[in-house]
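Structure, as structure tokens:
Only this structure's heavy atoms are used, side chains among them; waters, hydrogens and symmetry mates stay out. Since we're looking at a predicted model, the values are computed, not measured. Counting starts at 1 for both ligands and their atoms, in listed order.
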Amino acid sequence: MNRDERFYAFIVSTTTRSRSYVRRVSIHKRWVKASALVAAFLFCAAAYGVYGLTREAVHLRIERENDRLRLENERQRQKLRKLENRVDAIETDARRLSEISGVETEQGDESGTSTHGAGGPALELSPEAVERLETRAARLEIDLRIYEAALRERARVPSIWPVEGESTDSFGVRGNPFGGGGAEFHPGQDIAAPRGTPVLAPADGKVVEAGWKNGYGQTVVLDHGNGLTTRYGHLSKIEVEAGQELRRGDQLGQVGSTGRSTGPHLHYEVRVGELPVSPKHYLPAR
Ligand SMILES: [Zn+2]
């Protein structure tokens with residue numbers, strides 16, 4: 001007889017007060033085995049299902065995280081690109097400033113770190129790229145400071161005509177304008193113009209004197225720094241006060257004929273320290 005054909009027999013007894021039954025339940029061993037196999041299979045399937053679900057959840061989470069990182073990465077890349085474009089634009093402006101100010105700074109091209117004009121959409125997002133950009137920005141900062149200083153310096157050097165008019169008596173020895181013979185040293189440039197013509201500051205500077213000066217009449221003196229001063233004589237009207245800061249082109253007064261003057265004109269004088277120099281060097285050709 002095959003082992004599987006044996007039975008498992010259970011004796012079940014039921015007892016009440018009056019009688020008792022005894023029953024025999026027998027199960028074929030084959031069924032017991034089959035049930036155990038089915039139960040084991042079901043258990044495995046359930047376990048696998050739970051395992052699969054967990055894995056799927058982890059997978060989803062990682063995928064979502066990846067999407068987030070990819071997006072973040074793209075954002076950073078765009079930021080870097082935008083920043084690079086801005087630095088490019090500033091470098092272009094800086095080059096123009098370099099020309100205007102006449103100052104040549106050491107551009108970084110020889111160091112090979114300038115990527116101006118290079119690049120493209122495939123900008124790599126690496127610490128090196130960020131560092132390169134930082135280097136360029138830092139160099140720009142220094143360059144701009146140098147240009148600014150040079151331009152500020154230049155703004156303080158007279159470079160425009162203080163008044164529209166005709167040059168009359170020049171700097172140097174001249175005959176006595178009041179007649180009577182003799183020669184005198186004329187320390188400035190005379191510019192003839194109608195009374196009331198605006199007189200403009202030919203450079204940035206500070207008003208150090210504004211009032212009557214012997215011989216000069218109503219006079220304004222500007223200090224441009226570095227020992228350079230200018231004075232404006234025979235004014236009919238003074239429109240600034242001592243201590244005032246002027247920019248090139250600001251009106252300081254009006255042409256007149258006050259003081260030792262034969263007619264309306266501006267006496268324009270430039271001094272280096274105490275020494276009058278020829279204003280011609282500070283008057284642009286016209
Ligand atoms: Zn004069």
Query raised in the report: Hey, is there an N, O or S on His234 sitting under 2.8 Å from the Zn ion (ligand 1)?
Result: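 His234 does not place any N, O or S atom closer than 2.8 Å to the Zn ion (ligand 1).
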**Report entry** Short N/O/S contact of Asp190 with the Zn ion (ligand 1) (below 2.8 Å)
**Finding:**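 True for Asp190.
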[X] side chain to [Y] side chain, donor-acceptor N/O pair below 3.5 angstrom:
X: Ser159; Y: Arg248; value: yes
X: Asn226; Y: Glu153; value: yes
X: Tyr216; Y: Glu269; value: yes

Query raised in the report: Which of parallel (below 30°), tilted (30 to 60°) and perpendicular (above 60°) describes Phe185 and Phe171?
Result: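 Perpendicular: the ring planes of Phe185 and Phe171 meet at over 60°.
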Report task. Could you check which N/O/S atom of His186 is closest to the Zn ion (ligand 1)? Result ->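 Nearest N/O/S atom: NE2.
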Report task. Measuring from the Zn ion (ligand 1), name the closest N, O or S atom belonging to His267. Result ->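 The Zn ion (ligand 1) is closest to the His267 atom ND1, counting only N, O or S.
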